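Comments concern the structure below.
Not measured: the values here are computed from a predicted model. The figures that follow rest on heavy atoms only: side chains count, while hydrogens, waters and symmetry mates do not. A note on names: the letters A, B, ... follow the listed sequences, proteins ahead of strands, and every chain is numbered from 1.
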Amino acid sequence: MTNDASGFSQLNEEEQLFRMRHSAAHILAEAMLEKFPDAKYAIGPPVDDGFYYDFELPRSLTPDDLVELQKRMTQSVRANLPIHGEQIDKDAAREIFSDQPYKLELIDEIEDSTVGHFSHGEFEDLCRGGHTETTGQVGAFKLDRIAGAYWRGDENNTMLQRVYGLLFSTEEELAEYEELREQARLNDHRRLGRELDLFSTQEDYGPGLIYWHPKGARLRVEIEDTWKQAHDEGGYDLVFTPHIGRSTLWETSGHLDFFTEGMFSAMDVDGDDYYLKPMNCPFHIQIFKNDLRSYRELPMRLAELGTVYRYERSGVLHGMLRVRGFTQDDAHIICTPEQLDSEVDGVVRFVLDLLGLFNFENISATLSTRPEKAVGDSSQWDRAERALREAIERADLAYDVEDGGGAFYGPKIDFHLTDALGRRWQCSTVQFDFNLPERFDMSYVGDDGEPHRPFMVHRALFGSIERFVGILIEHYGGAFPMWLAPVQVAIIPIADRHLEHANRIGTELKAQGIRFNVDAAKERMGNKIRRAQLQKIPYMLVVGDREAEADAAAVRTRTGDDLGEIPVRELVDKFLAEIQSRS
RNA sequence: GCCACUGUAGCUCAGCGGUAGAGCAACGGUUUUGUAAACCGUCGGUCGUGGGUUCGAUUCCCACCGGUGGCUCCA
């Protein structure tokens, strides 16, 4: 392998960017070694928005260090040193990196007899390659932040210091990216959650637990109502199950073996151990097992907005996106082998229909197939994987395959959606389970009069309501479409004498179930408009003398459009139509 | 959990070895207002908790509890 960068300018943009980021990582390591000659350097790959490099250093880095490192890097870039690459044999590499334990470990693991060696100036690195021709070609970069990272991501290993850098081809693109990040910061659901009074967490009384305030709860109710209606129409039966269950249930399900670290510790009830549920499945299975089931009763589709509790380590908690108590929009489909294909097909279509209501840019899927260690026989796996794959293809969905990425108990499809800021999120899952039917000895009587083991599929559309709402908040930047907006209309009387007309409009809206508030504060109209804007209320109805006279309102939208004076009757129809259309 | 940073009024933040300050919000008053902030005033904090150093700690040190950004997996 050589540094095949001779045609750098002919490469496509993506490959160029990859190489620029990769080379910048080397230049960062070079700067770090200059600053700390004793530094041990580990790995430094390109990432989505730039690059990073991991180091073991004599002391913790400070933000000031980044400034200095950036300066040193700039010098190296200005020097425009050629980057050389070659293959050398392992012994030579061990010699070069004799005081670099991480490099030595990497060399040992490489299977070839030779390894890649890249250098520029005095700097040398072990590297499989993919670089710019010179250090001057790396584009616009900025050292961004310092973070801890375990060597190879394993918490049993040393904690290294990771320096992240942003890198783009041009200064403009770098600035654009930082602007996008600033936008994301403004749209952060934790910030908007507070500003719009949607939810809170009470750190003193239990981190990772969500308190839904009235406006956030309104949002949730709208989503759940839609969900329930869709499930009624989609052939599901809604159920409710307990929040705790005796240890015997979790022994049978196997959760006490393979999911204990995710469960809260037991509570004692009359000498028995009970556990808060981390999943709903064992309960739904009990409903199935409560009777002798005939094939005529299948498919059985049991759905529940089931609140589960999982222990998450303190460091990973994050607003509504990563919590310790959340509500899954869970369902379990129990069916015969013959029904498999149409059920899977139906679920995939169902997912797409429901997600379609929320204006996400695009939805893609990942199919995860059988891993090394798996339960169930391979014909079952093949059959299930085929059903999943065909369903995705019939739905004409973009997908990729993660070979061996499935859980030990079954293959699955994960759905990813892209939000308004271009970020991808995983919400929906369709997951086969060959484990629980076995463990709980589930069966139905077939038309041959014999017992048969049913297929079982877990599925969630939103995943968790908490996470989904968190994503929605960021996706819409708090400016929810009419049907979701906690307050749909702000009525703004100009002076006290217009309050009566304002209230009269309120009465009409209320009769139609439209959510509004009348801002009767002792403030000027301008300030009331500002307050409604900041609350991102879709419509503002300004009422003064003229409007009271005409039984109308002057309508302004939160986007700043002035729709002029509209009669109240007309307004109600307009609002209802917009809510109805869910646009 | 681990690494780094961080915790001052409801929010955003300043301050710093001599027991605290701004803007916004809230509350009261004056103004009765025409499309993103009228004016005046008032209230509000055992400076995250506990310990230590000191004549004296919000400030320095330690521990704990949270938060933020990362690290593995996951909704």
Checking contacts here: which listed nucleotide ([options]) is nearest the side-chain heavy atoms of [X]?
| X | options | result |
| --- | --- | --- |
| A:Arg497 | B:G70, B:A75, B:U32 | B:U32 |
| A:Lys522 | B:G34, B:G29, B:A75 | B:G29 |
| A:Ser314 | B:G69, B:G1, B:U33 | B:G1 |
| A:Arg313 | B:U35, B:A75, B:G1 | B:G1 |
| A:Pro207 | B:A38, B:G67, B:G1 | B:G67 |
| A:Val316 | B:A75, B:U33, B:G1 | B:G1 |
| A:Val542 | B:A36, B:A75, B:U35 | B:U35 |
| A:Arg531 | B:G70, B:A75, B:A26 | B:A26 |
| A:Met525 | B:G1, B:A38, B:U33 | B:U33 |
| A:Phe326 | B:U33, B:C71, B:A75 | B:A75 |

OP1 or OP2 of [N] less than 4.0 angstrom from a side-chain nitrogen or oxygen of [X], does that happen here?
| X | N | result |
| --- | --- | --- |
| A:His318 | B:G69 | yes |
| A:Arg558 | B:A36 | no |
| A:Gln328 | B:A75 | no |
| A:Arg556 | B:A36 | yes |
| A:Arg194 | B:U12 | yes |
| A:Arg190 | B:U68 | yes |

Name the nucleic acid region contacted by [X], choosing base, sugar-phosphate or nothing; use a 4.0 angstrom heavy-atom cut-off, strictly under.
| X | value |
| --- | --- |
| A:Arg524 | base |
| A:Glu565 | nothing |
| A:Gly526 | sugar-phosphate |
| A:Gly315 | base |
| A:Asp545 | base |
| A:Phe468 | nothing |
| A:Ala149 | sugar-phosphate |
| A:Ala554 | base |
| A:Tyr311 | sugar-phosphate |

So, for A:Tyr275 and A:His255, is the gap between ring centers shorter than 6.0 Å?
->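 No, the ring centres sit 6.0 Å or more apart.
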Is a salt bridge present between A:Asp144 and A:Arg181, judged by a nitrogen-to-oxygen distance below 4.0 Å?
->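 Yes, this pair counts.
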State the pairing partner of [N]; accept Watson-Crick or G-U wobble contacts with both distances under 3.5 Å, and report none otherwise.
| N | answer |
| --- | --- |
| B:C71 | B:G1 |
| B:U32 | none |
| B:A26 | B:U42 |
| B:U49 | B:A63 |

Determine whether more than 12 heavy atoms belonging to other residues, nucleotides or ligands lie under 6.0 Å from atom [atom1] of [X].
| X | atom1 | value |
| --- | --- | --- |
| A:Lys142 | NZ | no |
| A:Glu549 | CD | no |
| A:Lys35 | NZ | yes |
| A:Glu500 | CD | no |

Has the side chain of [X] got a donor or acceptor that lies under 3.5 Å from a partner of the other kind on the base of [N]?
| X | N | answer |
| --- | --- | --- |
| A:Glu312 | B:A75 | yes |
| A:Gln202 | B:G66 | no |
| A:Tyr52 | B:G70 | no |
| A:Asp562 | B:U35 | no |

Distance, [atom1] atom - from [M] to [N], rounded to whole angstrom:
| N | M | atom1 | answer |
| --- | --- | --- | --- |
| B:C24 | B:A9 | C1' | 12 Å |
| B:A14 | B:C40 | C1' | 26 Å |
| B:G66 | B:C60 | C1' | 22 Å |
| B:U72 | B:G15 | P | 36 Å |
| B:G29 | B:C13 | C1' | 29 Å |
| B:G10 | B:G44 | C1' | 10 Å |
| B:A57 | B:G41 | C1' | 35 Å |
| B:G56 | B:C2 | P | 34 Å |

Using heavy atoms to find the nearest nucleotide of RNA chain B for A:Glu203 and A:Ser60 separately, return the residue whose nucleotide is more 5′.
->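 Nearest nucleotide further toward 5': that of A:Ser60.
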For RNA chain B, whose closest nucleotide is more 5', that of A:Gly463 or that of A:Arg162?
->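 So the residue in question is A:Arg162.
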In whole angstroms, how far is the C1' atom of B:A25 from the CG atom of A:Leu196?
->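 Rounded to the whole Å, the gap is 15 Å.
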Worked check of ring pair (Phe, Tyr, Trp, His ring centres under 6.0 Å) between A:Tyr53 and A:Phe55 = CA-CA 7 Å; A:Tyr53 217 115; A:Phe55 303 95; 5.1 Å; yes
Under 3.5 Å, is there a donor-acceptor pair linking the side chains of A:Asp414 and A:Gln426?
->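 Yes.
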So do A:Leu499 and A:Pro493 actually touch side chain to side chain, heavy atoms under 4.5 Å?
->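 Touching, per the 4.5 Å side-chain cut-off.
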So, do A:Phe462 and B:A75 meet the stacking rule of ring centres under 5.5 Å and planes under 30°?
->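 Answer is no, no stack.
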